[in-house]
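Working notes, beginning with the structure itself.
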Amino acid sequence: MKGLKSKDASLASLGIKNTKEEYWNLSPEELTNIAVEKKQGVLTDTGALAVDTGEFTGRAPKDKFFVYDNATKDTIWWGDVNFKFDEAKFQPLYDKVAKYFEGKEVFIRDSYACADPKYRLNIRVVTEYAWSNLFANNLFLRPSKQEIETFRPEWHIICAPGFKADAKTDGTRQHNFAILNLTKKIILIGGTGYTGEIKKGIFTLLNYILPHEKGVLSMHCSANIGKKGDTAIFFGLSGTGKTTLSADPDRGLIGDDEHGWADKTIFNFEGGCYAKCVNLTEEKEPQIFRAIKAGALVENTRFFPGTKKVNYDDISVTENTRVAYPINFIENAVEPSVGGIPKNIFFLTCDAFGVLPPVSKLTPGQAMYHFISGYTAKVAGTEMGITEPTLTFSACFGKAFLPLHPTKYAELLGKKLKENKVNVWLVNTGWSGGAYGVGSRIRLSYTRALITAAMNGELDNVSYETLPVFGLQFPASCPGVPAEILNPRATWKDKNAYDEKANSLAKSFVKNFEQYASAASDEILRAAPKVAEKV
Ligand code: ATP
Ligand code: MN
């Protein structure tokens, strides 16, 4: 055994025996060196470790399971987000994975989730690869040396990317899997090296434990805090700007992706960030760019030929290139990552149809309506020759990670909004001046200016206009932003085309909401867009 661990910590208690070597809680430098030595990765010119995650460069949502047993059968929202895993199949598969580690070098990391000590969850992560272990170090919270010496894990993550399941006998859908077992407190990951499975496995778990057992709202959002102690949170689906917009040199970063809202605090679940790298430039996103240094883990990028300089425009492996770094790589990160009740909530949506205003202020009813809807649009990959953007409605801006029915989270948010004075804003970080193909994505500098203005109260005393169909109130002016972009309809040359698009988007909203309508109050239902019979 090499590294640092508590006296009684052992792999044998996990059924993992006869390993070639155990590496406990190695430093980022040690893990990076081992990964390079073993040719699992290479150093970039800034000293970061660059790896390829292999067959999977994104999560595999269809291969994520909950063990179906007494603990889960009546509580989990079973369906196309949460798939059942046969209780009887778990131990045999677990044993196979444990056996797979025999004769191998194994990396173990003690870490925890939830920056508010009241909710701290200790996690021991066991990985086949050094870089998966570095990921866990960077993304989760890091116990001190003393804490490691007495560390008692509550949950275990076992991550074996090289292990391939046999779907026929093992009860999986195919060779890869991520299985949560709430009774045994294990997350078992195999067949995929995509590190996001480790991160989102714990997020999924906390989305169960916190609302269900502790009355805390778990949220797919980033959070930052101003100099006067005002907290802001940013909900949004993938690619809408949570990480980008929360990195703000004038505000302390609380976290970039996952938070809890307790009675008096907003707290980060994690200890690091997992930022997209596509088209990254120092000029546009200086904080993230500079965080890519020794200790950071870069995934699925490519170098400029003949150099070790990452070409962030190269998406030949995947569009989802990522970097994982500890939160203190961002200069103004706050530690511990905790803030007070938010003063402003931003719902980020990347509307590729160019219908929604760059910013609008929501009524309480609209806030709930848009939270439950969780709208965004994805721009299809051009390599397939597809140019049509696709609509996504993902409840609570994170449906893929919700083990409970969306109304559970919505009820909690509704309660918190009623108890506290919070401004809720809808921010379109997507298209303006026309839909994808005609218009263009709104400039990041404008989005930043709009958000800053909202947080500084500069949108409190300006006049507002109402967007037809959606009934959204948007400001008629904002410092630092040309007034003409604030009204989306005004940015379209072809007004009829705008009205048609707005109407068809509204129809999609209404249709999507049907599944939640029976559980929604009149106030929420009244906030639905009004589809025009004829335009
Ligand atoms: P995930 O949940 O996958 O981590 P995310 O919400 O954190 O996603 P980001 O990583 O912030 O999303 O991605 C937003 C991407 O969109 C970045 O690459 C950013 O540079 C780009 N972008 C372009 N224009 C804007 C804009 N106006 N606002 C926000 N982001 C923009
Ligand atoms: Mn992010």
Side-chain angles (χ1 to χ4, degrees), residues 3 9 11 13-16 19-26 28 31-32 34-35 38 40-41 49 51-61 63-67 85 90 93-113 121-142 153-165 170 172 174-181 184-206 270-272 274 297 299-300 322 324:
L11 282 186
S13 65
L14 293 171
I16 299 175
T19 57
K20 189 171 168 202
E21 186 60 274
E22 295 177 13
Y23 296 101
W24 288 78
N25 295 300
L26 296 191
L31 290 169
T32 301
I34 292 176
K38 294 191 176 307
Q40 293 174 355
L49 175 65
V51 300
D52 280 355
T53 58
E55 182 189 353
F56 292 91
T57 57
R59 286 180 301 101
D63 301 298
K64 190 169 110 181
F65 304 89
F66 272 94
V67 171
F85 194 82
F90 185 81
L93 177 58
Y94 180 91
D95 293 342
K96 267 192 177 179
V97 176
K99 190 135 186 66
Y100 172 79
F101 280 103
E102 276 187 23
K104 291 196 168 59
E105 292 171 304
V106 183
F107 299 87
I108 307 106
R109 169 139 323 261
D110 292 335
S111 54
Y112 65 99
L121 184 88
N122 278 356
I123 308 160
R124 178 163 289 158
V125 190
V126 178
T127 67
E128 176 184 359
Y129 298 142
W131 50 266
S132 313
N133 206 268
L134 178 62
F135 178 86
N137 174 73
N138 291 0
L139 259 291
F140 295 141
L141 288 150
R142 293 160 288 277
E154 184 182 350
W155 272 78
H156 286 89
I157 299 178
I158 313 288
C159 175
F163 174 89
K164 297 206 176 358
D170 295 330
T172 56
Q174 51 178 40
H175 60 282
N176 62 298
F177 53 88
I179 307 167
L180 282 85
N181 189 327
K184 297 191 167 168
K185 301 194 171 181
I186 292 171
I187 300 178
L188 188 63
I189 299 169
T192 168
Y194 185 62
T195 52
E197 299 284 5
I198 297 174
K199 168 189 163 71
K200 286 298 203 276
I202 289 297
F203 185 46
T204 302
L205 170 64
L206 290 168
E270 303 180 292
Y274 195 38
L297 175 70
E299 298 176 356
N300 302 316
R322 294 266 180 175

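Heavy atoms only: backbone and side chains are in, while hydrogens, waters and symmetry mates are out.
- The shortest distance between side-chain heavy atoms of Tyr94 and Ile179 does not fall below 4.5 Å.
- Atom CG of Asp170 sits about 3.5 Å away from atom NZ of Lys96, to the nearest 0.5 Å.
- Nearest heavy-atom pair, Leu141 versus Ala113, reported as atom, atom and distance to 0.1 Å: CD1-C, 3.9 Å.
- Annotation: the span from Ile157 atom CD1 to Phe140 atom CZ amounts to 4.0 Å, rounded to 0.5 Å.
- With rounding to the nearest 0.5 angstrom, the OH atom of Tyr129 is 15.5 Å from the CG atom of Leu134.
- No side-chain heavy atom of Val67 sits under 4.5 Å from any side-chain heavy atom of Leu180.
- Taking a cutoff of 4.0 Å between a charged side-chain nitrogen and a carboxylate oxygen, Lys185 and Glu154 qualify as a salt bridge.
- Glu55 and Thr192 are not linked by any side-chain donor-acceptor pair at a separation below 3.5 angstrom, with hydrogens and angles left out of the test.
- In terms of heavy atoms, Ile198 sits closest to Cys159 at CD1-SG, 4.0 Å.
- Minimum heavy-atom separation, Glu197 to Ala178: OE1-CB, 3.9 Å.
- Rounded to the nearest 0.5 Å, atoms CG (Asp63) and CG (Asn176) are 4.0 Å apart.
- For the residue pair Thr195 and Trp131, the shortest heavy atom distance occurs at CG2-CZ3, 3.8 Å.
- Only one option out of Ile108, Val106, Val126 pairs with Leu14 in a side-chain contact (heavy atoms from CB on, under 4.5 Å); it is Val126.
- If you look at Tyr274 and Phe135, their ring centroids are closer than 6.0 Å.
- Once rounded to the nearest 0.5 Å, the distance linking CD1 of Ile202 with CD of Glu270 reads 10.0 Å.
- Asn25 contributes a side-chain N or O that, together with a main-chain N or O of Asp110, makes up a donor-acceptor pair within less than 3.5 Å.
- The aromatic rings of Phe56 and His175 sit tilted relative to each other, their planes meeting at an angle between 30° and 60°.
- Between Trp155 and Leu121, the closest heavy-atom pair is CD1-CD1, 3.8 Å.
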Query raised in the report: side chain to side chain contact (heavy atoms under 4.5 Å, CB included) between Phe107 and Ile34: does it pass, once the steps are laid out?
Result: CA-CA 11 Å; Phe107 299 87; Ile34 292 176; 3.9 Å; yes
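- With rounding to the nearest 0.5 angstrom, the CD atom of Glu105 is 11.0 Å from the CD atom of Glu128.
- No hydrogens or angles considered: a donor-acceptor pair under 3.5 Å links the side chains of Asn300 and Thr53.
- Side-chain contact between Asp52 and Glu299 is absent, with no heavy atoms from C-beta onward closer than 4.5 Å.
- Looking only at side-chain heavy atoms (C-beta outward), Leu93 and Phe177 come within less than 4.5 Å of each other.
- Contact annotation: the side chain of Ser111 approaches that of Val125 to within less than 4.5 Å [non-hydrogen atoms, C-beta and beyond].
- Shown here for Arg142 and Tyr112, the closest heavy-atom pair between the two residues is C-CE2, 3.9 Å.
- Under the 6.0 Å distance and 45° angle rule, Lys104 counts as a cation-pi partner of Tyr100.
- No side-chain heavy atom of Arg109 sits under 4.5 Å from any side-chain heavy atom of Arg124.
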